[in-house]
Amino acid sequence: NSLYFMMDNEADVFYRQLPKVELHAHLNGSVSSQTIEKLIKRKPHLNIEHSMTAIGKGQRRTLDECFQVFKVIHQLVDTEEDILMVARDVIREFAADSVKYLELRSTPREEKSTGLTKKKYIETVIRAIQLCKNEGLDIDVRFLVAIDRRNGEKVAMETVELAEEFLMSSDDLVVGLDLSGDPTVGDGKSLLPALQRAKNCGLKLSLHLAEVPSQLEESDLLLNLPPDRIGHGTFLHPEVGGSQSLVDKVLKNNIPLELCLTSNIKGQTVPCYTEHHFKYWYQLGHPSVICTDDKGVFCTDLSQEYQLAASTFGLSHEAIWKLSHQAIDCIFAPETCIPLTHSVKPKASHIPQ
Ligand code: 6MZ
């Protein structure tokens, strides 16, 4: 499969220049190799090598091994200063890839040894977003506070309460909540009260659903909320062991899917690009948004993900424009405060014939 050997970050100019919307990007999974180098220099005593923080070209890992990689990165990012640098670098990199609207998500962490608190964590990400805005970068950035499912219902509820505070005070920068973390750990059902509370207070919900086959019962319950967007949804449809009733719930509520091709291949939840569930949902005409997931860990970027979708599924440049443009309908920022239609809307003259 020649696609498989595509050089990292090699997307051609059409995809690079395409104005894009990124809706599924975990902050600490998005750290580039350049930023990792800076972090390693700051913390030489950890003896972390770059090979421990990224899954390179042609490599695959089990999903479990992917989650070990995040633990290594978390060791490198444990102060306010680190978070500020990481968030600014990640935003600049997305902007340089012609991403015009970005929703970053991250799990607030507390680090007793450095004095980092969950509240400071969120404040620091917000400060990074504001600094990037002041720099004049052509990108509109919002933040989703993430719940790591392995931490259980109490932490989930505390996270929702924290997110609620920022929903009121962050000038519309905090717009929602993400449920993520190792899908083989924890119980989504027990998190329902926290998620319901988040929904009731106006936080938009993006939930990782059916990322692994064992999550179907839980996904069925979580779909009843319903969430505003679904992360991955790899095993929802009947062709891969899901069910028509799960698909019907997604269709009935018109819940967009955030689809991350390289992540699913490298994490081995999907056997090859041609079998990616993008095909199933795209053929149904269901809102499907191409995203990166963890551009640093999986050595990709959004241009490359669009190019992979195009070459795998035979999509024309025009179809790719449309796909990218339709992502605007799935963003969480309130419509009143986005100048997006100006910056993202493709001009007809830009679409190659
Ligand atoms: C589920 C994932 C993920 O929050 O420290 N995360 N959760 N599935 C995935 N598919 C590969 N990729 C990343 O970023 C890292 C965290 O994001 C979640 C995990 O909880 C991971 O620890 P933050 O910025």
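Note that the numbering runs from 1 along the sequence shown for the chain. Counting convention: from 1, in listed order, for ligands and their atoms alike.
- Applying the 4.0 Å criterion to heavy atoms of H208 picks out, from ligand 1, the atoms 1 (C), 7 (N), 8 (N).
- At most 12 non-hydrogen atoms from other residues, nucleotides or ligands lie less than 6.0 angstrom from CD of E153.
- Looking at ligand 1, you'll find an N or O of S106 within less than 3.5 Å of one of its N or O atoms.
- Look at H74 and you'll find a heavy atom under 4.0 Å from some atom of ligand 1.
- Not a single N or O atom of L63, backbone or side chain, sits closer than 3.5 Å to an N or O atom of ligand 1.
- In this structure, N254 places its CG atom where more than 12 heavy-atom neighbours from other residues, nucleotides or ligands lie under 6.0 Å away.
- In the candidate list H232, H26, H24, H26 is nearest to atom 3 (C) of ligand 1, counting heavy atoms.
- In terms of polar-atom proximity, defined here as any N/O pair under 3.5 Å, S263 makes no such contact with ligand 1.
- With a heavy-atom cut-off of 4.0 Å, R109 does not touch ligand 1 at all.
- For atom 16 (C) of ligand 1, the nearest non-hydrogen atom from the set V297, V77, V69, T107 comes from T107.
- Atom CD of E81 has 12 or fewer neighbouring heavy atoms from other residues, nucleotides or ligands inside a 6.0 Å radius.
- The single protein non-hydrogen atom nearest to atom 12 (N) of ligand 1 is D294 OD2, 2.8 Å, given as residue, atom name and distance.
- The environment of NZ in K118 is crowded: more than 12 heavy-atom neighbours from other residues, nucleotides or ligands sit within 6.0 Å.
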